[in-house]
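One structure below.
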Amino acid sequence: MHTLKKYLNANLIIGILAALCVVLGVLSWQQSVRAEEANTQLNSLRYKSFYETLDLMDNLQLNLEKLNITSSRTQEQALLSDIARQADNAQENLSSLPISQQNLSDALKFVNQLSDYSQVLGEGISSGRPLSQDDQLNLLNLAQRCQKLGDALREIEPQLLSGELSFQELGAEPVATGQDDEESVDYPTLIYDGPFSDGQDNRSFRGLSGEAINAGQAAQIAQELLADRQVSQVSQVEEMDVPVENYDLDVTTQQGSFSISLTQTGGKLLYMLPNFSVEGENLSIEQCIEAGQRFLSEHGFGEMQASYYKKLEGILTVNYAAVQQGVLLYPDLVKVQISMADGSIIGIEAANYWRNHVTRTSLIPSLSMDQAQEYISDRLDVTASRLCIIPLNSGEALCYEFEVALDDARYLMYIDANDGRERRLLKRISEPDGELVMG
């Protein structure tokens, strides 16, 4: 009996110990999971800070360059205010990266000084002191340093994405701040398809007119739109109300399937998106631009003019703006995707066109082109000009678009055709695969 009792006690102890091991194992596993989740969350925040810093360096570089182009005191103050804010944000993001203080100190010192310097220059303009020639040289030097700091971060980006380099290992990597005299390289990452490609963001579609169509009529319009592609099926006709009341359709053709949206008012083409890739490039950029022009003319878009374009994976994306009495209407924009294999139109984005396309009643400028050009600095070489309308945060403005050059860089400067104010300044980028601008 005594032996049995001892045996039972021993088994009880063993059972308790086993249970404790299980509990400890579960707790250890839970702690490991929590640690892994915390590490994943921390790395996500670090990636966010890393990529925000890259974007900020691009923005800072562009704004610093703009300061050497603009001759508007209002624009200078706005740009300097943006630079100070962006430099502060860059400081915050850099501080959150696990980089040793020895490697980080120069970068932090640079963005701190950039923020302070911008604020001092902005205060000077407010008190009536214009930017001096030394200030402009300093600003160009700072732009180059922003570029080089961004380049240094880009060099390690592939290693971070592939896992070859962790954020912990990043702490041992040097961070260049562009204080050497090496030649800079341009990285136009903040690229848009053309000036004002987003148009005005409002809910009113002023260009729509006509009677409301039903779902059956929408399907018929879609078939006619793609009649040359041998339509085999139109399915999933759904009523939507974003960005405006429309019918969404899936259309299957011999070429491939398309997603098409038609406005309920008037049955206008809002967008068309291909659900297939393009193989081969048999046509030139000029031939594709002409094909897009013909399509727009045949489908009721009126007089349009191509402005900026980008070639990617066999597809040429072209921005076409409406034209009235020779004046380019940037708010009335249609983005067209053309297959470079056969010149067929495979994509359309026309929301901005239907939002804004109405007949303008005031296209006569108060200033002549020569008078408007007097508001441009003598340091700049004007290479082209034309009259246009551009969208503002509220409303729009009749402007002269001047293409100007400084050394090897080209910019688009928009001077108000009625009061001479500088409304916008964009940088123009020419590449083998496109004509683009940076905002």
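Note that the structure is predicted; figures quoted are calculated from it, not measured.
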Tell me whether [X] contacts the main-chain N or O of [Y] through its side chain, where contact means a donor paired with an acceptor under 3.5 Å.
| X | Y | answer |
| --- | --- | --- |
| Arg428 | Val404 | no |
| Gln75 | Ser72 | no |
| Asp407 | Ala409 | no |
| Gln371 | Ser368 | yes |
| Asn418 | Ser366 | yes |
| His299 | Phe295 | yes |
| Asn246 | Val244 | yes |
| Lys66 | Leu425 | yes |
| Thr383 | Glu403 | yes |
| Thr263 | Gly266 | no |

I'd like to check the side chain to side chain contact (heavy atoms under 4.5 Å, CB included) partners of Gln293; sequence neighbours left out, ordered by chain and number.
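Result, side chain to side chain contact (heavy atoms under 4.5 Å, CB included) vs Gln293: Met304, Tyr320.
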Contacts of type side chain to side chain contact (heavy atoms under 4.5 Å, CB included), residue Tyr375, not counting sequence neighbours
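Leu367, Ile415.
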Ionic contact status for Glu396 with Arg360, cut-off 4.0 Å:
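Yes, this pair counts.
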Would Leu131 and Leu139 count as a side chain to side chain contact (heavy atoms under 4.5 Å, CB included) if you check the C-alpha gap in whole Å, the side-chain angles of each, and the deciding distance to 0.1 Å?
CA-CA 10 Å; Leu131 295 179; Leu139 292 167; 4.1 Å; yes
I'd like to know whether CD of Glu224 has more than 12 heavy-atom contacts from other residues, nucleotides or ligands below 6.0 angstrom.
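Result for CD/Glu224: enclosed.
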Please say whether more than 12 non-hydrogen atoms of neighbouring residues, nucleotides or ligands are located less than 6.0 Å from CG in Leu273.
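Check passes, neighbour count above 12.
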At their closest point, which heavy atom of [X] faces which heavy atom of [Y], and how far apart are they?
| X | Y | result |
| --- | --- | --- |
| Arg355 | Pro243 | NH2-CB, 3.9 Å |
| Ala291 | Ile345 | O-CD1, 3.9 Å |
| Ala341 | Val278 | CB-CG1, 3.9 Å |
| Ser118 | Leu114 | OG-O, 2.8 Å |
| Met272 | Leu269 | CB-CD1, 4.3 Å |

Test salt bridge (charged side-chain N to carboxylate O under 4.0 Å, His left out) applied to Arg85 - qualifying residues, sequence neighbours left out:
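Arg85 satisfies salt bridge (charged side-chain N to carboxylate O under 4.0 Å, His left out) with Asp82 once adjacent residues are dropped.
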Counterpart residues, salt bridge (charged side-chain N to carboxylate O under 4.0 Å, His left out), relative to Arg73 (two or more places apart):
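With neighbours one apart ignored, the set is Glu76.
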Let's go through Arg154 and Asp151 carefully: what are the C-alpha distance in whole Å and the side-chain angles of both, what is the deciding distance for salt bridge (charged side-chain N to carboxylate O under 4.0 Å, His left out) to 0.1 Å, and is it a yes or a no?
CA-CA 5 Å; Arg154 276 189 191 85; Asp151 292 349; 3.6 Å; yes
Below 6.0 angstrom between ring centroids: does that apply to Tyr400 and Tyr414?
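Ring centres of Tyr414 and Tyr400 not closer than 6.0 Å.
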Taking atom [atom1] of [X] and atom [atom2] of [Y], what is their separation to the nearest 0.5 Å?
| X | Y | atom1 | atom2 | result |
| --- | --- | --- | --- | --- |
| Ile260 | Leu225 | CD1 | CG | 5.0 Å |
| Gln86 | Asp58 | CD | CG | 10.5 Å |
| Leu79 | Thr74 | CG | OG1 | 11.0 Å |
| Leu270 | Ser261 | CG | OG | 4.5 Å |
| Leu249 | Ser259 | CG | OG | 9.5 Å |
| Leu54 | Asn59 | CG | CG | 11.0 Å |

Could you walk me through whether Met413 and Ile376 pass side chain to side chain contact (heavy atoms under 4.5 Å, CB included), step by step?
CA-CA 9 Å; Met413 184 174 288; Ile376 297 176; 3.7 Å; yes
Yes or no on side chain to side chain contact (heavy atoms under 4.5 Å, CB included) for Ser71 and Glu422, after CA distance, side-chain angles and deciding distance?
CA-CA 8 Å; Ser71 56; Glu422 183 183 313; 4.2 Å; yes
Taking the side chain as everything from C-beta on, heavy atoms only, tell me whether Ile213 gets closer than 4.5 Å to Ile221.
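Side-chain contact under 4.5 Å: yes.
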Can you run down the salt bridge (Lys or Arg N to Asp or Glu O under 4.0 Å) pairs that involve residues 270-293, sequence neighbours left out, and say none if there aren't any?
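Qualifying pairs: Glu281-Lys311.
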Examine the side chains of [X] and [Y] and answer whether a donor and an acceptor come within less than 3.5 Å of each other.
| X | Y | value |
| --- | --- | --- |
| Ser344 | Asp342 | yes |
| Tyr117 | Asn138 | yes |
| Glu52 | Asn89 | no |

Which residue pairs satisfy the ring pair (Phe, Tyr, Trp, His ring centres under 6.0 Å) criterion with at least one member in residues 247-275, sequence neighbours excluded?
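For residues 247-275: Phe258-Phe276.
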